Amino acid sequence: MRFDLLLVGYGHVARRFVALLAERRSRLARDHGVRTRVVGIATRRRGQLYDGRGLSARALESYWVSGPSTGSGPPRASSTGGFSRPATPTVDFIRHATRQSGAAARQRRLIMIETTTLNIERGEPATSHIRAALAGGAHVVTANKGPVAFGYRGLARAADRAKRRFLFEGAVMDGVPVFNLVRETLPALAIIGFRGVVNSTTNYILTAMEQGQPFGEALAEMQAMGVAEADASLDVDGWDAAAKTAALANVLLGAAITPTMVERRGITPETARAAIDARTEGRRVKLVARAGWEGNRVTARVAPETLAGDDLLAMLEGQQNAIILQTDLLEEIAVVQRSGSLTQTAYALLSDLMTIARDVMAAPATRRAPTSAQRRRTPSRRVRR
Ligand SMILES: NC(=O)c1ccc[n+]([C@@H]2O[C@H](COP(=O)([O-])OP(=O)(O)OC[C@H]3O[C@@H](n4cnc5c(N)ncnc54)[C@H](OP(=O)(O)O)[C@@H]3O)[C@@H](O)[C@H]2O)c1
């Protein structure tokens with residue numbers, strides 16, 4: 001079965017994802033019967049492009065190299081029945097593109113890949129993008145933790161109503177399964193809390209400084225590799241970890257918190273100096289994220305903690321991450337990510353795409369219910385007749 005993709009955001013992660021799809025094309029087709037094509041793309045500065053017949057690799061490359069589009073105005077129709085337009089609100093593009101891809105949407109073959117920049121204050125514009133895509137009949141896959149950290153419950157409800165999937169494995173620990181692990185393999189079990197190291201940039205800085213590298217130099221390396229957020233203070237000040245903590249707490253613990261409700265302290269050059277001292281005593285300083293039920297509410301915190309040398313989290317080097325889930329039946333389960341890379345984040349998008357593909361391909365045709373947008377449109381057509 002062929003799946004049509006709308007790419008909203010085309011930066012480090014989305015470009016690696018497109019390359020990974022090309023690298024794995026024959027394996028996806030041979031082993032899983034899944035083919036994909038990109039039909040639409042939108043970024044903030046490069047404008048928007050749609051072609052229901054699929055955009056070629058050359059079209060995507062020329063979109064990328066042509067640089068920011070300028071001016072404003074109505075969409076320009078292309079000779080292939082698609083359209084291109086300068087940067088207008090992305091939500092409008094998504095509505096238009098999902099309408100144009102009506103057949104794929106009805107057949108549950110349309111997927112929006114949302115990889116816009118994290119906005120730590122409100123989780124926007126990604127949350128609005130996701131709502132628009134779900135209402136238009138597209139499934140949504142994102143690596144952006146903002147929407148899950150700020151509006152998980154509402155978005156999960158919107159996906160249920162639309163009978164579409166909303167998946168976000170890449171939001172925490174890249175492609176290493178955390179949400180999938182719990183959802184797919186731990187039925188009838190409760191997660192009662194977790195603690196972990198969930199931000200690669202700060203763990204890299206702390207480890208590098210233990211080895212004598214200056215703070216700024218270690219941070220610059222992470223930025224050059226595209227691992228640090230575009231605004232590095234999001235990593236260093238603990239906001240990224242707070243967003244992941246909120247996302248994990250919302251999904252795994254059933255909380256309804258936002259990153260601003262996570263007690264938060266980031267790392268500074270002083271923290272890194274404390275890490276050097278702790279190491280000489282056989283201990284490690286790590287930026288630890290934790291959340292759990294306390295009475296009838298979930299509390300969450302991100303802060304540097306001095307850990308005993310034999311603590312699993314103390315053993316994490318460089319960009320390594322880990323989460324220890326506290327469960328009611330299996331005690332503690334640890335998931336460790338031994339290295340991080342763009343490929344791993346891109347793989348998270350690919351694995352979510354495959355979860356959707358398996359779901360759609362296994363579903364009888366009767367489950368292909370109309371989307372909420374289609375339901376809204378039906379009565380007005382009757383009136384016009
Ligand atoms: N990089 C990683 O290793 C990593 C790991 C896990 C999760 N993530 C998450 O994945 C997402 C993407 O990361 P990235 O490294 O690919 O970021 P990036 O390179 O900065 O790319 C972000 C993309 O989003 C676009 N964008 C921003 N606002 C937009 C809007 N309103 N409408 C349409 N497009 C918009 C940008 O367009 P312009 O270029 O035109 O501004 C750019 O194409 C982020 O949410 C990040 O937190 C990243």
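First listed ligand is number 1; within each ligand, the first listed atom is number 1. Quantities reported herein were computed from a predicted structural model and do not represent experimental measurements. Starting from 1, each residue takes its place in the sequence as its number. Worth knowing before you read on, the calculation uses all heavy atoms, side chains too, and leaves out hydrogens, waters and symmetry mates.
Exactly one residue among Leu181, Asn321, Val172, Val182 makes a side-chain contact (heavy atoms from CB on, under 4.5 Å) with Val335. That residue is Leu181.
A 4.5 Å side-chain heavy-atom check between Val34 and Met354 finds at least one atom pair inside the cut-off. Counting heavy atoms from C-beta outward, Asn203 and Lys286 have side chains that approach closer than 4.5 Å.
Taking the salt bridge (Lys or Arg N to Asp or Glu O under 4.0 Å) definition, one finds that Lys244 meets it with Asp240, sequence neighbours left out.
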**Study point:** Verdict with supporting geometry, Glu332 and Thr327, side-chain contact (heavy atoms from CB on, under 4.5 Å)
**Key:** CA-CA 6 Å; Glu332 290 192 338; Thr327 76; over 6 Å; no

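For the residue pair Tyr204 and Glu221, a side-chain donor N or O sits within less than 3.5 Å of a side-chain acceptor on the partner.
Contact residues of ligand 1 (protein heavy atom closer than 4.0 angstrom to a ligand atom; sorted by chain and number): Gly9, Tyr10, Gly11, His12, Val13, Ala42, Thr43, Arg44, Arg45, Thr90, Thr115, Thr116, Thr117, Leu118, Pro125, His129, Ala143, Asn144, Lys145, Gly170, Asp174, Gly226, Glu229, Leu342, Thr345.
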